[in-house]
Number of protein chains: 2
Amino acid sequence: MTDVYRALGDQTRREILQLLKEGNKTQKEIVESFAISQPAIKKHLTVLLEEKMITSYVHGRFRVYSLNTELLHEAYQEMLQYIGDLLDDQLVSLKKYVEEGDIRDD
Amino acid sequence: MTDVYRALGDQTRREILQLLKEGNKTQKEIVESFAISQPAIKKHLTVLLEEKMITSYVHGRFRVYSLNTELLHEAYQEMLQYIGDLLDDQLVSLKKYVEEGDIRDD
DNA sequence: CCTATATATAACCAAATGGTTATATAATTG
DNA sequence: CAATTATATAACCATTTGGTTATATATAGG
């Protein structure tokens with residue numbers, strides 16, 4: 001299973017995804033967009049690949065990265081569902097613990 | 001600014017939120033729902049409080065935790081917008097790099 | 001074919017993370 | 001008021017994370 005939270009948990013990785021939204025990019029182009037080193041970017045790209053948020057292919061001595069739109073759709077659904085589920089039925093549970101007697105000390 | 005990704009980045013914290021969805025809970029009740037120690041749970045609760053995903057109040061020698069529904073709505077909106085933005089306009093950018101000449105070696 | 005260059009990888013480091021045990025503090029209750 | 005109990009906190013630890021520099025590998029091009 002891909003871990004959306006891991007992939008999106010880092011600001012740089014979120015920015016890489018935003019950059020790739022503009023269009024596919026070589027690693028070199030991505031590196032040039034950030035202030036951190038090539039190996040640091042490479043590690044972020046590896047995480048994004050592991051979590052399948054992006055794909056890549058080799059083109060000569062370049063490696064080109066692209067958003068994995070399909071999986072982003074799934075990620076989107078998963079996170080939306082998670083938070084969405086937290087939000088409904090809140091009215092039902094709001095009544096608990098409003099009175100002292102509601103806390104059972106055992 | 002609250003960091004939704006930090007808050008949701010840990011499985012235990014996501015489960016705590018799910019538990020709180022059932023209704024407000026004392027720390028003791030939360031601790032009993034997990035296999036890890038009270039201080040470990042406390043740390044997760046502190047993170048969730050820092051990121052404002054939950055609120056708490058003292059009730060005697062108990063501390064009661066609740067979902068911060070309002071902030072969860074904002075988080076929901078933020079993530080929705082972030083991923084949503086990544087997904088639209090993909091068709092526009094798909095044309096790049098499909099031909100060799102698209103890679104400029106400088 | 002040699003050089004330049006894009007990428008990959010190794011080795012290292014500091015700080016953050018997620019856990020532990022032990023103990024202190026504060027409030028309830030018999 | 002003493003004992004119990006819920007919470008808070010301190011000190012510690014192993015692992016992960018996000019970065020670094022240095023170097024190796026592979027391909028393109030003059």
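Proteins come first, then strands; the chains are lettered A, B, ... in the order of their sequence lines, and each starts at number 1.
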Worksheet item: Taking the side chain of A/Pro39 as its heavy atoms from C-beta onward, which of D/dT27, C/dT21, D/dT21 lies nearest to it?
Response: D/dT21
Worksheet item: Would you say a side-chain N or O of A/Ser37 is under 4.0 Å from OP1 or OP2 of D/dG19?
Response: no
Discussion item. Assuming nearest nucleotide by heavy-atom distance, tell me which of A/Val58 and B/Val31 is located more 5' along DNA chain D.
Written reply: B/Val31
Worksheet item: Does OP1 or OP2 of C/dT29 have a side-chain N or O of B/Arg61 closer than 4.0 Å?
Response: no
Worksheet item: Which value, rounded to the nearest 0.5 Å, describes the distance between B/Met53 atom CE and B/Leu45 atom CG?
Response: 13.0 Å
Response to the item:
A/Tyr5 OH to C/dT17 P, in whole Å, measures 19 Å
Discussion item. Nearest to the A/Gln27 side chain among C/dA8, C/dG18, C/dA6, which nucleotide is it?
Written reply: C/dA8
Worksheet item: How is A/Arg6 classified with respect to the nucleic acid when contacts are heavy atoms under 4.0 Å: base, sugar-phosphate, or nothing?
Response: nothing
Worksheet item: Which of these nucleotides, D/dA8, C/dA8, D/dT21, is closest to any side-chain atom of B/Gln38?
Response: D/dA8
Worksheet item: Considering only D/dG18, D/dG19, D/dT7, which nucleotide approaches the side chain of A/Asp10 most closely?
Response: D/dG18
Discussion item. Closest-nucleotide mapping onto DNA chain D: is A/Gly60 or A/Thr12 further toward the 5' terminus? I mean the 5' end.
Written reply: A/Thr12
Worksheet item: Atom CD1 of A/Ile30 and atom P of C/dT7: how far apart are they, to the nearest Å?
Response: 9 Å
Worksheet item: Side-chain N or O of B/His59 less than 4.0 angstrom from OP1 or OP2 on D/dA6?
Response: no
Practice prompt. Check whether any side-chain nitrogen or oxygen of B/Arg63 sits under 4.0 Å from OP1 or OP2 of D/dA8, and answer yes or no.
Written response: yes
Practice prompt. Provide, to the nearest angstrom, the distance between the CD1 atom belonging to A/Ile41 and the P atom belonging to D/dG19.
Written response: 8 Å
Fill in: Closest-nucleotide ordering on DNA chain C, the 5'-leading residue of A/Tyr65 and A/Lys43
A/Tyr65
Practice prompt. Please report how far the helix from C/dC1-D/dG30 to C/dG30-D/dC1 bends, comparing the axis fitted to its first five pairs with the axis fitted to its last five, to the nearest 10 degrees.
Written response: 10°
Worksheet item: Got a sec: does the CD of B/Glu70 have more than 12 other heavy atoms crowding it under 6.0 Å?
Response: no
Worksheet item: Got a sec? Which of residues 47-55 of chain A come in under 4.0 Å of DNA chain C, heavy atoms?
Response: none
Worksheet, complete the sentence: Of the listed C/dT20, C/dG18, D/dG19, the closest approach to the A/Ile36 side chain comes from D/dG19
